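This report refers to the structure that appears directly beneath it.
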Amino acid sequence: DVASLGIEFDEGDLEQLSSYLQLLYQKNQVMNLTAVKSMEDAWERHIYDSLTLLPLLAELQCEHVIDIGSGAGLPGIPLAITLREMTFALVETTKKKALFLSEVVEALGLDNVTVLAERAENLASDDGGFRGMADVVVSRAVGAMPTLLELTVPFLKIGGAFLAVKGQKAEEEVREARKASSMLGCTFESMTRTKTGTIVTYIKTKKTPNAYPRPAGEPKRMPLGKGG
């Protein structure tokens, strides 16, 4: 029940969220976008789970949000539908998925969304055009925390926040990412349990060294702070 989040939908939001799910399930017949079988379950496991970020985003009063590894558009699309005053950049490396995201953006008339079919490592590099630009970076179900921090923190302005939607092992992941977070210039802020997961918040406290993110593929192959 989305209302339990204290969210009041604007007129048309629910219809748009419903249209998004219909597009998702149509496309899911020809490419693998979700393993959630029924649309009913998807309301909780995809829409509700994405919208658990709403209260935090509202509190942070941000303008520019980047969704890393957007995949089928989660959490970026549901958030963009419900937060029209914010701009969203959806970063998705897989061209087919990025194409689907562009179709959704067009079909729903989401003029506050840009789709970037590119690797996060390239966009956040010195000449990638997006380094230090975001108020908030979000991600859901993408990789282990040390890798994830390297792919997200360079996008943030100093004082900006990274919100990761994680599962049961969030505490363990934060512990494993301690070294990576200090190397990248961010600090662990809080952990918020929701009905569907755990939201982990990091705040960027200082400039990320130019060495990060490392070239495409490196952050995943050799996570920062591992083995030392």
Side-chain angles (χ1 to χ4, degrees), residues 1-28 33-92 97 100-101 103-105 107-115 134-142 148 152 155-156 160-168 170 189-202:
D1 179 15
V2 181
S4 67
L5 281 172
I7 296 165
E8 296 211 355
F9 286 114
D10 293 334
E11 206 178 321
D13 282 359
L14 281 171
E15 288 79 359
Q16 289 245 292
L17 289 166
S18 178
S19 299
Y20 162 59
L21 279 185
Q22 282 163 355
L23 292 167
L24 173 60
Y25 276 87
Q26 274 166 15
K27 186 61 85 173
N28 203 50
L33 289 168
T34 173
V36 177
K37 291 285 177 273
S38 81
M39 209 183 282
E40 205 175 313
D41 288 347
W43 273 101
E44 179 168 308
R45 291 180 52 194
H46 288 333
I47 303 295
Y48 177 91
D49 192 42
S50 296
L51 296 182
T52 54
L53 292 167
L54 268 182
L56 291 168
L57 284 172
E59 218 172 274
L60 291 162
Q61 298 183 326
C62 51
E63 288 176 33
H64 306 296
V65 182
I66 296 181
D67 177 14
I68 298 292
S70 194
L74 300 158
I77 298 273
L79 291 171
I81 287 171
T82 46
L83 295 166
R84 288 303 186 112
E85 68 283 5
M86 296 180 193
T87 63
F88 289 82
L90 311 183
V91 176
E92 176 49 53
K97 288 181 181 173
F100 166 69
L101 294 176
E103 288 166 12
V104 170
V105 166
L108 300 182
L110 296 175
D111 51 12
N112 58 335
V113 179
T114 309
V115 177
D135 299 311
V136 175
V137 176
V138 296
S139 95
R140 177 178 179 265
V142 180
L148 199 46
T152 54
F155 284 100
L156 289 169
F162 168 49
L163 308 176
V165 180
K166 284 288 185 181
Q168 295 302 314
E189 174 82 1
S190 63
M191 219 176 284
T192 313
R193 291 250 178 240
T194 69
K195 198 168 91 176
T196 47
T198 306
I199 300 166
V200 182
T201 305
Y202 283 87

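Keep in mind that this is a model prediction, so the values were computed, not measured.
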>> What I'd like to find out is whether the side chain of Tyr48 reaches to under 4.5 Å of the side chain of Pro78, using heavy atoms alone.
In response: no
> Side-chain contact, heavy-atom cut-off 4.5 Å: Lys27 with Lys97?
Replying inline: no
> Taking Glu92 for the side chain and Gly71 for the main chain, is one N or O donor matched with an acceptor at less than 3.5 Å?
Replying inline: yes
> How long is the gap from OG on Ser19 to CD on Glu15, to the nearest 0.5 Å?
Replying inline: 7.5 Å
> Of Val138, Ile66, Val137, Leu163, which is the lone residue that meets side-chain contact (heavy atoms from CB on, under 4.5 Å) with Thr152?
Replying inline: Val137
>> Quick one, Tyr202 with Leu156, criterion side chain to side chain contact (heavy atoms under 4.5 Å, CB included). Give me CA distance, side-chain angles, the key distance, then yes/no.
In response: CA-CA 11 Å; Tyr202 283 87; Leu156 289 169; over 6 Å; no
> Would you call the rings of Tyr20 and Phe100 parallel, tilted or perpendicular if under 30° counts as parallel and over 60° as perpendicular?
Replying inline: tilted
> Does the side chain to side chain contact (heavy atoms under 4.5 Å, CB included) test come out yes or no for Ser139 and Val165, once each step is laid out?
Replying inline: CA-CA 6 Å; Ser139 95; Val165 180; over 6 Å; no
>> The test is side chain to side chain contact (heavy atoms under 4.5 Å, CB included); show your working for Ile199 and Leu53 and say whether it passes.
In response: CA-CA 8 Å; Ile199 300 166; Leu53 292 167; 3.8 Å; yes
> Roughly how far, to the nearest 0.5 Å, is the CG atom of Leu21 from the CE atom of Met39?
Replying inline: 6.0 Å
> Ignoring hydrogens and geometry, is there a side-chain-to-backbone donor-acceptor pair from Ser18 to Leu14 under 3.5 Å?
Replying inline: no
>> With side chain to side chain contact (heavy atoms under 4.5 Å, CB included) as the criterion, how do Leu83 and Phe88 come out once you've worked through the C-alpha distance, each side chain's angles and the decisive distance to 0.1 Å?
In response: CA-CA 9 Å; Leu83 295 166; Phe88 289 82; 4.2 Å; yes
>> Quick check for you: to the nearest 0.5 Å, what is the distance between Gln26 atom CD and Glu103 atom CD?
In response: 10.0 Å
> Counting N and O atoms only, with roles assigned by atom type, does the side chain of Asp67 sit under 3.5 Å from a partner on the main chain of Leu90, one being a donor and the other an acceptor?
Replying inline: no
>> Testing Asp135, Val136, Val65 one by one against Met86 for a side-chain contact (heavy atoms from CB on, under 4.5 Å), which residue passes?
In response: Val65
> Out of Lys166, Gln168, Arg193, which one pairs with Thr198 under the side chain to side chain donor-acceptor pair (under 3.5 Å) rule?
Replying inline: Arg193
>> As an exercise, state the distance from CG of Leu54 to CG of Leu51, rounded to the nearest 0.5 Å.
In response: 5.0 Å
>> Please report the interatomic distance CD1(Ile47) to OG1(Thr52), rounded to the nearest 0.5 Å.
In response: 11.5 Å
>> Tell me the closest heavy-atom pair linking Ala42 and Tyr25, and the distance in Å.
In response: CB-OH, 3.4 Å
> Are the side chains of Ser70 and Val91 in touch, meaning some heavy atoms are under 4.5 Å apart?
Replying inline: no
> Taking C-beta and beyond as the side chain, do Asp49 and Trp43 meet within less than 4.5 Å on heavy atoms?
Replying inline: no
>> Using only atom types and a distance under 3.5 Å, with no angle test, would you say the side chain of Glu63 pairs donor to acceptor with the backbone of Thr87?
In response: no
> Is a side-chain N or O of Asn28 found less than 3.5 angstrom from the main chain of Leu33, in a donor-acceptor match?
Replying inline: yes
> Considering all heavy atoms of both residues, which atom of Arg84 and which atom of Gly109 are nearest to each other, and what is their separation?
Replying inline: NH1-O, 3.8 Å
> Between Thr82 and Leu79, is there a donor-acceptor pair closer than 3.5 Å when you use the side chain of the first and the backbone of the second?
Replying inline: yes
>> With a 6.0 Å cut-off (strictly less than), is the heavy-atom count around CD of Glu85, excluding the residue itself, greater than 12?
In response: yes
>> Quick one: does any side-chain atom of Asp13 pair with a main-chain N or O of Asp10 as donor and acceptor, under 3.5 Å?
In response: yes
